[in-house]
Each structure stands twice: as C-alpha cells, then as structure tokens.
Trainee: 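I'd like to ask some things about the structure below.
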Amino acid sequence: MPRTYIGALRGFDDGTDVVIYGWLQEARIMKNVSFLILRDNTGIIQATFKNDEATLETIKRINRESIVKVQGVINKKSVSKSGIEIKGTSVSVVNEAEAPLPLPVIDPVQADLETRLNSRFIDLRKRNVSAIFRIESSLLWGIREYLHGQNFIEVHTPKIVAAATEGGADLFPVRYFEKDAYLNQSPQLYKEVLMSAGFDRVFEVGPAFRAEEHNTTRHLNEFTSIDIEMSFADHNDAMSMLENAIKSGVENAIRTNNDDFEALGISISVPETPFPRITYEKCIELLSSEGIDFKFGDDFSPDHLRMIGSRFKGFYFITEWPASVRPFYTMPKQDDPKLTNSFDLQYREIEVTSGAQRVHDPKMLVERFREKKLDVKSFQFYIDAFKYGMPPHAGWGLGLERLTMILLGLNNIRETTLFPRDRTRIVP
RNA sequence: GCCCCGGUAGUGUAGUGGCCUAUCAUACAGGCCUGUCGAGCCUGUGACAUGGGUUCAAAUCCCGUCCGGGGCGCCA
C-alpha cells in the first residue's frame, strides 16, 4: 500500500485503509488503549491502538521522535479534538530515535537559540520554526516570479574571486591552487559586466560572504543576497522594481502560507506601494529637530535610524546619500556631485536593501577609483567592460534573511537562517 | 576591533559565603489509570564549564582559561 501524507487524510472517506509514516511526537499509553501522535511534513494525526499484549510491548519500546509506520483505518467520527484519527491495525519502527532528545520538540520549556542551533535538525521539526523557512521560500518565489515577469533572467556569478568588490569590506581568503583568492562579498562587479554584455536585466540569488567581525542580531558572515541589475535605468526605476518585487513576495507568502503564519501566531499585510522616500538631508533635518547633532557625510547609527524609522509605518527609502559613504560605482547626482543617485531601503532601523544608479562612464569610474584610493589594476576586468559600450544602469542588493526577519517580526537574523554562519559558528 | 553580561541535570531554571548530601518544571526509567489530546497520579535517575586563589567554610568572592549572549562600529 502506498504512503499517504498526513495532511491528505481528510480528503479520504471514512473507513479507508491507509499507511502513514512519520515521527512519533508523543505516545500516551492508557490501560486499555494507546494513542500515538504522528507528525510528517504535512501535519499531525493521532493513531489509536487497543492494548493487546504484543502491540503494547511494541508501543512501550518506541522512543519519541522515532520514525514509525502505522497501518490503519481512517476514523472521521473520532472523539479526538481534531475530529479525525487512525484506528491502527499495525505499528512498526522504521528507524529508532535515541532518548533523551538533545532538544525538546514539544515540551513547554524554551531552549536557548544556541542549543537549538546546535541541534538544528530537531529544532526545525517544530512547526513554528519550519514555518519561517516555508515563508522565506514563498517570499523568494514571489520575488523571482515578479522579476521574471519583468524580463529579468536569473544568472549565477562566481563566488571565488580574485579581487574585492568594494575594497572596504573584509574578505575571506581562500587558496586557489597556486593563487590567492577570496570568497565574494557581492556579485556587484559581475552583474554590471553583464550589462555591458547586453543582457539588459539580470538577477541573482546567491550567497555573499563578509569577513567582518560583527556581533549583532542582524549580521551574518554568509547571507543570501538577491541582486538585480538593469540597463537604461536609473535609481528611481530600481526603487520601483524593488518595492514591487517585495510586494509580490509578500503577496505570494500570504496566498500560500496561511498555516505557517498561524503556526507563528502572526499575520502580515501587503505593504502599500510606493514606499515613502526621504532624502539623506531631510533625515539630518529630522534628527536636528529632535536635538541630535549630525554631521553631513556620516552614516546613521541604529539609534538615529530608529528615530527616523519611527516616522514611517514600515518600509521607507533613504535617498541621495553623500558620495563619501557610498561605494565607487555609485552615480553622483547631476546637479550636486556631493550627493549620489543612491538609496537604502529601511524597515525601522534595519537596512534591507542598498542600491543606486551606477557610474557608466569609464573615465568617471577611474576617477572614482582614485578618490576612493583603490587599486585600478585589480579591477581591470571590470573597467574593461566599461570601455566598449556600457549602457547606463542601476540595481540593488536585498538581504533575504533580513527581509524575512523584519516581515515576521523576529529579533535575530539567525532565526531566519537554517545554519547560520556568525563570528564563532561554523558548525553545523 | 571596542564595551557590557552570562555559564547549575537532556532542556529551561531557583540559588548572592554556612540553612545546598543544590529548588522547581519538563524530559528520561519504572509503575498506576477504560479515550488521552499541554493527559493525570506515584516512585526513581540525573547538574554547580575548567584551572588556580581567598576563607574555618565557596555554586556563591577574586584571577586565568574555554564557551556563549548582547550593544557599538561596519554592512544586506
């Protein structure tokens, strides 16, 4: 007999014979009858057994979280709370679990995040933990769908590279045979080169590596970056692409992940577009109206951003950042080159996306390299792409884990990462 | 990189110098219970991160080490 998913049982008639496989979440053994609570990826079901001697012996020996096979008959007139159960005819252990568990799956005690991450495979068995990753998947799917609809193609650029993207951030060195190489911190240079190649619109979903020794609840040393680059476009085009992509992601999650939001005990709504925009200089005014002295050319601290963010319901763009705090490839503002055609997408104090119109004139690019005191030679492959017909272009990079974190109201980015890499953690 | 904080059974905790052969919950083991559903009841097993020091006396105070949490900087 083929396996039936637990979530599909309601679709069958009362009295149907079925075989189900699952993790034994709990066994409640009474004098005359036993209840086995089984869980698979699709749901939870109770199987009941009359306590004949052989069955009782089997059931007593099964540890929690063992994989078991139950054969039985669907009972839709059950007095159980769910109204449906399996009247078991046979039960067997497919693969035994050791006891006690390193981490409780259903106990009321809440394990620390560190303990949970050390036994992540068990942690993820919890409905409210796996829900995060189902929603994350749906968010990404909705974003992909939108970008495909806008004629973007999905690309994959190298993660082992010879040179830094922006010169600033710390890179993880790797040995590449007889050469020194690094793990890429961003696909920035490659996606721009693809604009010169004529692809017009590309996006990439992939890992980005930062060797920064940060120690916060919103940083990872390896995270998933959703990057786009589009030709014959400016920062405004990129911003509207971003808000619509996020909207599409949220819509998709709301449409398909009802049970997961329920498991998390939250509900979210589709953000209204367009997202509000505030310039960097307006932010300074805002801060100074609150008595905060802020120097033009500095970056905002989390406290500043909390203050600015309190003026907005959810997402908001901060635009026209000074050139001093943006990377070399950022296009200066035409009538005021101290500023740039750049933006960050913020959600309260959290930066979710960073983007801009890019410099496309090779002479201006080289000039910007000099200003930032970067070695032109190590970026030669990149600069070459600008010499032979580079269209004007713009793009952004969106942190998937951060997006999921802020949408779900979670307080630690490790919650939205299956196996997070942080300052000290590389296992599991 | 800088600053603050913490490590007690499988898990989560109580404990601030003697009342600690260390509290409670849950897990685990055994038993009881005619349908449970956060099952209930009884019994039992199980821990002071590590090395040194102070003291008549250390889970508790001091120092080192290891491990972890948080904030800042930087960024997605």
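Hydrogens, waters and symmetry mates are skipped; everything else that's a heavy atom, side chains included, is used. Note that the structure is predicted; figures quoted are calculated from it, not measured. In what follows, chains carry the letters A, B, and so on, assigned in the order in which the sequence lines appear, proteins first and then strands, with residues in each chain numbered from 1.
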Trainee: Could you check which of B:U36, B:U11, B:G71 has an atom nearest any side-chain atom of A:T217?
Mentor: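 Out of B:U36, B:U11, B:G71, the nucleotide with an atom closest to A:T217's side chain is B:G71.
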Trainee: On a plain distance test, is the side chain of A:R402 in donor-acceptor contact with the base of B:C75 below 3.5 Å?
Mentor: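 Check passes, donor-acceptor contact within cut-off.
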Trainee: Mind checking side-chain contact (heavy atoms from CB on, under 4.5 Å) for A:N41 and listing every partner two or more places apart, or none if nothing turns up?
Mentor: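 Checked A:N41 against side-chain contact (heavy atoms from CB on, under 4.5 Å); matches are A:R134.
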Trainee: Hey, does A:L220 reach any base, or is it just sugar-phosphate, or nothing, if we go heavy atoms under 4.0 Å?
Mentor: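 Base contact - A:L220 has a heavy atom under 4.0 Å of at least one base atom.
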Trainee: Does A:R210 place a side-chain N or O at less than 4.0 Å from the phosphate oxygens OP1/OP2 of B:C75?
Mentor: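 So the side chain of A:R210 is outside the cut-off, no N or O lying under 4.0 Å from OP1 or OP2 of B:C75.
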Trainee: Distance check needed: B:G35 C1' versus A:N32 CG, whole Å only.
Mentor: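 About 10 Å, once rounded to whole Å.
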Trainee: With a sphere of 6.0 Å drawn around OH of A:Y5, does it hold more than 12 non-hydrogen atoms of other residues, nucleotides or ligands?
Mentor: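 No - once you tally the heavy atoms of other residues, nucleotides and ligands closer than 6.0 Å, there are 12 at most.
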Trainee: Roughly how many Å is it from NZ in A:K81 to P in B:G38, rounded to a whole number?
Mentor: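 Checked: the NZ to P distance equals 4 Å.
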Trainee: Between B:G73 and A:N215, is there an OP1 or OP2 to side-chain N/O distance shorter than 4.0 Å?
Mentor: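 No.
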Trainee: Scan A:R61 against the nucleic acid and name what it touches under 4.0 Å (heavy atoms): base, sugar-phosphate only, or nothing.
Mentor: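 If one applies the 4.0 Å heavy-atom cut-off, A:R61 turns out to touch nothing in the nucleic acid.
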Trainee: Only pairs with both distances under 3.5 Å count, Watson-Crick or wobble alike; so what is the partner of B:U36 in this structure?
Mentor: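 Here B:U36 is not engaged in any pair, so there is no nucleotide opposite it.
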Trainee: Should A:T353 be listed as having a side-chain N or O under 4.0 Å from OP1 or OP2 of B:A76?
Mentor: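 No, A:T353 has no side-chain N/O under 4.0 Å of OP1/OP2 on B:A76.
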Trainee: Counting only side-chain N and O atoms of A:N63, is one of them less than 4.0 Å from OP1 or OP2 of B:A27?
Mentor: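 No, because none of the side-chain N or O atoms of A:N63 sits under 4.0 Å from OP1 or OP2 of B:A27.
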Trainee: Does A:V352 or A:P102 map to a spot on RNA chain B nearer the 5' end, using the closest nucleotide for each?
Mentor: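 Result of the comparison: A:P102.
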Trainee: Side chain of A:H219: nearest nucleotide among B:C75, B:A25, B:G70?
Mentor: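 Output: B:C75.
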Trainee: Which nucleotide in the set B:C33, B:G35, B:U13 lies at the smallest distance from any side-chain heavy atom of A:Q46?
Mentor: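 The nucleotide sitting nearest to the side chain is B:G35.
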Trainee: Determine the contact category for A:I29: base if any of its heavy atoms lies under 4.0 Å from a base atom, sugar-phosphate if only primed atoms, P, OP1 or OP2 are that close, otherwise nothing.
Mentor: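 If one applies the 4.0 Å heavy-atom cut-off, A:I29 turns out to touch a base.
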Trainee: Is there aromatic stacking of A:F35 on B:G35 here, judged by a ring-centre distance under 5.5 Å and a plane angle under 30°?
Mentor: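 The base of B:G35 is not stacked with A:F35 (the test needs centres under 5.5 Å and planes under 30°).
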Trainee: What nucleic acid atoms does A:S80 come within less than 4.0 Å of, heavy atoms only: base, sugar-phosphate, or nothing?
Mentor: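 Here A:S80 touches the bases of the nucleic acid.
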Trainee: Across the strands shown, which category fits A:T424 at heavy-atom distances under 4.0 angstrom: base, sugar-phosphate, nothing?
Mentor: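 Sugar-phosphate, backbone atoms only, no base.
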Trainee: Nearest to the side chain of A:P108, heavy atoms from C-beta on, is which of B:U26, B:A76, B:U36?
Mentor: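 So the side chain of A:P108 is nearest to B:U26.
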Trainee: So do A:W396 and A:M241 actually touch side chain to side chain, heavy atoms under 4.5 Å?
Mentor: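 A:M241 reaches A:W396 side chain to side chain.
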Trainee: What integer distance in Å separates A:D422:CG from B:G68:P?
Mentor: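 Whole-Å distance recorded here is 8 Å.
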Trainee: Between A:K126 and A:D107, is there a salt bridge with N-O shorter than 4.0 Å?
Mentor: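 No, this pair does not count.
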Trainee: With a 4.0 Å cut-off on heavy atoms, is A:T224 in touch with a base, just the backbone sugar-phosphate, or nothing at all?
Mentor: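 Contact class for A:T224: none.
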Trainee: Can you tell which of B:A39, B:C37, B:C74 lies closest to the side chain of A:E26?
Mentor: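 So the side chain of A:E26 is nearest to B:A39.
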Trainee: Considering residues, nucleotides and ligands other than A:K76, do more than 12 of their heavy atoms fall under 6.0 Å from its NZ?
Mentor: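 Buried by this count: over 12 neighbours within 6.0 Å.
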Trainee: Would you classify A:D298 as touching base, sugar-phosphate or nothing, given that sugar-phosphate means primed atoms plus P, OP1 and OP2, and contacts are heavy atoms under 4.0 Å?
Mentor: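 Answer is nothing: A:D298 stays at 4.0 Å or more from every strand.
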Trainee: At under 4.0 Å between heavy atoms, what does A:D299 touch on the DNA or RNA strands: base, sugar-phosphate, or nothing?
Mentor: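 The residue A:D299 makes sugar-phosphate contact but no base contact.
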Trainee: In whole Å, measure the gap between the P atoms of B:G68 and B:G12 for me.
Mentor: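 Each nucleotide's P atom is 15 Å from the other's.
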Trainee: Counting only side-chain heavy atoms from C-beta out, which of B:G70, B:C75, B:U11 sits nearest to A:R414?
Mentor: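 Closest of the options to the side chain of A:R414: B:G70.
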Trainee: In whole angstrom, what separates A:R423's CZ from B:C67's P?
Mentor: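 The distance from CZ of A:R423 to P of B:C67 comes to 11 Å, rounded to the nearest Å.
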Trainee: Could you tell me how far apart A:W321 (CH2) and B:C74 (C1') are, to the nearest whole angstrom?
Mentor: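 From A:W321 CH2 to B:C74 C1': 13 Å.
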Trainee: For a quick check, tell me whether the side chain of A:H214 and the base of B:C72 share a donor-acceptor pair closer than 3.5 Å.
Mentor: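 Side chain to base: no pair below 3.5 Å.
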Trainee: How would you list, by chain and number, every residue that makes a salt bridge (charged side-chain N to carboxylate O under 4.0 Å, His left out) with A:K87, sequence neighbours excluded?
Mentor: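 In terms of salt bridge (charged side-chain N to carboxylate O under 4.0 Å, His left out), with neighbours along the sequence ignored, A:K87 is linked to no residue.
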Trainee: Whole angstrom is fine here: how far is it from CD in A:E114 over to P in B:G70?
Mentor: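 Distance, rounded to whole Å: 10 Å.
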Trainee: Of the candidate nucleotides B:A76, B:U34, B:G73, which contains the atom at the shortest distance from the side chain of A:S301?
Mentor: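 Given the options B:A76, B:U34, B:G73, the side chain of A:S301 is closest to B:G73.
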Trainee: Among B:A27, B:U11, B:U34, which is the nearest nucleotide to the side chain of A:P100?
Mentor: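 Between B:A27, B:U11, B:U34, the one nearest the side chain of A:P100 would be B:A27.
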Trainee: Taking the side chain of A:S78 as its heavy atoms from C-beta onward, which of B:C37, B:G35, B:C72 lies nearest to it?
Mentor: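 The listed nucleotide nearest to A:S78's side chain is B:G35.
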Trainee: Can you check the A:R218 CZ to B:G71 P distance for me, whole Å?
Mentor: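 So the CZ-P distance, A:R218 to B:G71, works out to 7 Å.
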Trainee: When all nucleic acid strands are considered with a 4.0 Å heavy-atom cut-off, which category describes A:Q25: base, sugar-phosphate, or nothing?
Mentor: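 It contacts nothing in the nucleic acid.
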Trainee: Applying a 4.0 Å non-hydrogen cut-off, can you work out what A:S82 is touching in the nucleic acid: base, sugar-phosphate, or nothing?
Mentor: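 If one applies the 4.0 Å heavy-atom cut-off, A:S82 turns out to touch nothing in the nucleic acid.
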Trainee: Any donor-acceptor pair, under 3.5 Å, between the side chain of A:E98 and the base of B:G10, if you only look at N and O atoms?
Mentor: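 Answer is no: no donor-acceptor pair is held.
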Trainee: Taking a pair as Watson-Crick or G-U wobble with both distances under 3.5 Å, which nucleotide is matched to B:C61?
Mentor: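 B:G53 - that is the nucleotide pairing with B:C61, both distances being under 3.5 Å.
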Trainee: Report the distance from atom CG of A:L171 to atom P of B:C75, rounded to the nearest whole Å.
Mentor: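 Taking atom P of B:C75 as the reference, CG of A:L171 is at 14 Å.
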Trainee: Name the closest nucleotide to the A:M30 side chain, picking from B:C72, B:U26, B:C33.
Mentor: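 Of the candidates, B:C33 comes closest.
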Trainee: Please assess A:E65 against A:R125 for the test salt bridge (charged side-chain N to carboxylate O under 4.0 Å, His left out), listing each intermediate value before the final yes or no.
Mentor: CA-CA 10 Å; A:E65 296 299 315; A:R125 293 180 191 180; 2.9 Å; yes
Trainee: Does A:Q110 reach a base, just sugar-phosphate, or nothing at all? Heavy atoms under 4.0 Å.
Mentor: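 If one applies the 4.0 Å heavy-atom cut-off, A:Q110 turns out to touch the sugar-phosphate alone, with no base involved.
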Trainee: How would you label the contact of A:L398 with the nucleic acid (heavy atoms, under 4.0 Å): base, sugar-phosphate, or nothing?
Mentor: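 A:L398: no heavy atom of the nucleic acid under 4.0 Å.
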Trainee: Examine A:F312 together with A:F317 and report whether their ring centres are nearer than 6.0 Å.
Mentor: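 No, ring centres 6.0 Å or more apart.
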Trainee: When both hydrogen-bonding distances must be under 3.5 Å and the geometry is Watson-Crick or G-U wobble, what is B:C72 paired with, if anything?
Mentor: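 Across any shown strand, B:C72 pairs with B:G1.
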Trainee: Using every non-hydrogen atom in the two residues, find where A:I20 and A:T4 come nearest and quote the distance to one decimal.
Mentor: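 Heavy atoms of A:I20 and A:T4 come nearest at CG2-O, 3.3 Å.
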